[in-house]
Amino acid sequence: MPLGFALMAAGAVMRLDALAGVLASLVRPPAVVALAGWAGCMVAMSYMAAHNRQDVARDNWAEEVVNTVGQAALLLALLL
């Protein structure tokens with residue numbers, strides 16, 4: 001994962017004009033709603049990481065569902 005983030009950062013630095021366009025598109029109303037949903041899911045993931053038991057299947061499935069919804073919201077925000 002760190003390598004992926006490093007490559008993503010390198011790509012963003014190499015194409016600052018494209019990065020500016022992506023950031024500008026993320027502040028439009030539909031994308032802001034999706035980003036808020038993503039942020040909410042990430043907060044929920046943090047809470048579940050601290051309070052759920054890792055050996056309980058139900059808790060793991062709840063975390064997976066929240067993570068999937070959060071990642072889908074981020075993808076939707078980037079596509080909008």
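Predicted model only: the values in this text are computed from it and were never measured.
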Same cluster for Leu35 and Leu78 if Ile/Leu/Val/Met/Phe/Trp/Tyr side chains link at under 4.5 Å? yes

Rounded to the nearest 0.5 angstrom, the CG-CD distance for Leu76 and Gln71 is 12.5 Å

Shortest non-hydrogen pair, Gly37 vs Ala73, comes out as C-CB, 4.3 Å

Residue pairs, two or more places apart or on separate chains, that pass side chain to side chain donor-acceptor pair (under 3.5 Å) and touch residues 27-46: none

Taking every non-hydrogen atom, the tightest pair across Val66 and Cys41: CG1-O, 3.5 Å

Any non-hydrogen side-chain atom of Met42 less than 4.5 Å from a side-chain atom of Asn67? yes

Here the pair of heavy atoms bringing Ala31 nearest to Leu80 is N-CD1, 3.9 Å

Under the side-chain contact (heavy atoms from CB on, under 4.5 Å) rule, collect the residues that match up with Ala36, sequence neighbours excluded. none

Can you tell me how far CZ of Arg58 sits from CD of Glu63, rounded to the nearest 0.5 angstrom? 11.5 Å

Show me the pairs that pass salt bridge (charged side-chain N to carboxylate O under 4.0 Å, His left out) and involve residues 67-80, at least two apart or across chains. none

